[in-house]
Amino acid sequence: MSMQDQRDPQRTLHQRGQEFRQVVTDLFAGLGYLWRRRVRVPRPRIGFLGMVEVLGLLVLAAGVVVTCMLLIDPLVIGLRLRLPEWLVILSERLTDLGLGGVVLWPIGLFILYVLAMRLHLAGMERRVASSVFARAGFLFLAIAPVGLGIAAIKHVIGRARPHVALHLPGPDAHLTFDWPVWNASYASFPSGHSTTVFAAAVAFGALFPKVRWPLIILAIVVASTRVTLNAHYPSDVIAGAVLATLYVLWLVKVFAARRVVFTADGEGCAVPMAGPSARRLCCLLPGTGRSTSIPLEETKS
């Protein structure tokens, strides 16, 4: 083997290493860009949700959760044993949609792919990649932090799951808390699946309003499977859904205030910015080297 043949693999490996470092640098640069962006006026709002309405919603949600804990939760202990087999099997298939990895791994890999492709683009094509990166980054930030936070909180609270409470003595087994422990059997409140699936539904619904309600309905169905499988109580599911929804709505306001991905319309409501059309996203396909004429407003992020 010649010296030239030996150098080529080394040069290629070194180039790939540089590209990987640049991708990581761009990833953190995107977070820094969001942090440094100046807050614009008018300040955005989410529909009717102002501070007073948010506090009212929290009080209402807390009341519903407590009511469910006292009145509804005892009724679902052993529910799985009373349901038809087909419903249990269907619930077992659907419930995995609430796993964080199901949505976060594809989004995370897609972000890395877009950043890697962005290194080889220039001009408007590079701005299209930046726009897509901003939207995918929003989705990841909308799902991952709240999911990790709830995962830690529920282990600290240590509420016994329904299938565990079924074998505990006393009339109030559903109110059994063993905290702080790090035991999956005592990690019922709030529901991690419910948190993840509602965070994903609200985040995708914020970006694509036309599919908002089908996504919310799907989230309700998936979250309900946690009850039918005796993995969670209704109060666990409601708490996870409310916390996820409020967090994502807050994040939308953070992005919209900085005019990244979202903006504020004439009435001050947070709305998604127009993004590149499907036809103009072809520059992100592997091996696509053609130039595209893309209006500036479609590349805003």
Q) Hey, does Leu81 have a side-chain heavy atom less than 4.5 Å from the side chain of Leu166? A) yes
Q: Compare all side-chain heavy atoms of Asp73 with those of Pro234 and state whether any distance is below 4.5 angstrom.
A: yes
Q) Any side-chain donor-acceptor pair under 3.5 Å between Ser91 and Thr225? A) no
Q: Ignoring hydrogens and angles, tell me if any N or O in the side chain of Ser194 forms a donor-acceptor pair with the backbone of Ser191 under 3.5 Å.
A: no
Q. What orientation do Tyr247 and Trp250 show, parallel under 30°, tilted 30 to 60°, or perpendicular over 60°?
A. tilted
Q.
Contact between Ile72 and Ser235 at the side-chain level, heavy atoms closer than 4.5 Å - yes or no?
A. no
Q: Rounded to the nearest 0.5 Å, what's the gap from CZ on Phe208 to CG on Leu215? Could you check?
A: 9.5 Å
**Q.** Where Arg259 and Met273 come nearest, the two heavy atoms and their spacing
**A.** O-CE, 3.1 Å
(Q) Students often mix this up, so state it plainly: with edges at 30° and 60°, are the rings of Phe138 and Phe262 parallel, tilted or perpendicular? (A) perpendicular
Q | Rounded distance [0.5 Å steps], OG in Ser188 versus CZ in Arg226 | A | 9.0 Å
Q. With no hydrogens and no angle check, do the side chains of Ser131 and Arg127 hold a donor and an acceptor under 3.5 Å apart?
A. no
Q. Do you see a donor-acceptor pair shorter than 3.5 Å between the side chains of His163 and Arg80?
A. no
Q) Within a strict 4.5 Å, meaning less than it, do heavy atoms of the Val248 and Val146 side chains meet? A) no
Q. Do Arg159 and Tyr233 meet the cation-pi criteria used here (NZ or CZ under 6.0 Å from the six-membered ring centre, within 45° of the axis)?
A. yes
Q) Taking side chain as C-beta onward, heavy atoms only, is Leu119 less than 4.5 Å from Leu115? A) no
(Q) Can you confirm whether Glu92 sits close enough to Leu229 that some side-chain heavy atom of one is under 4.5 Å from a side-chain heavy atom of the other? (A) yes
Q: Say whether, by atom type as modelled, one donor and one acceptor occur between the side chain of His193 and the main chain of Val222 under 3.5 angstrom.
A: no
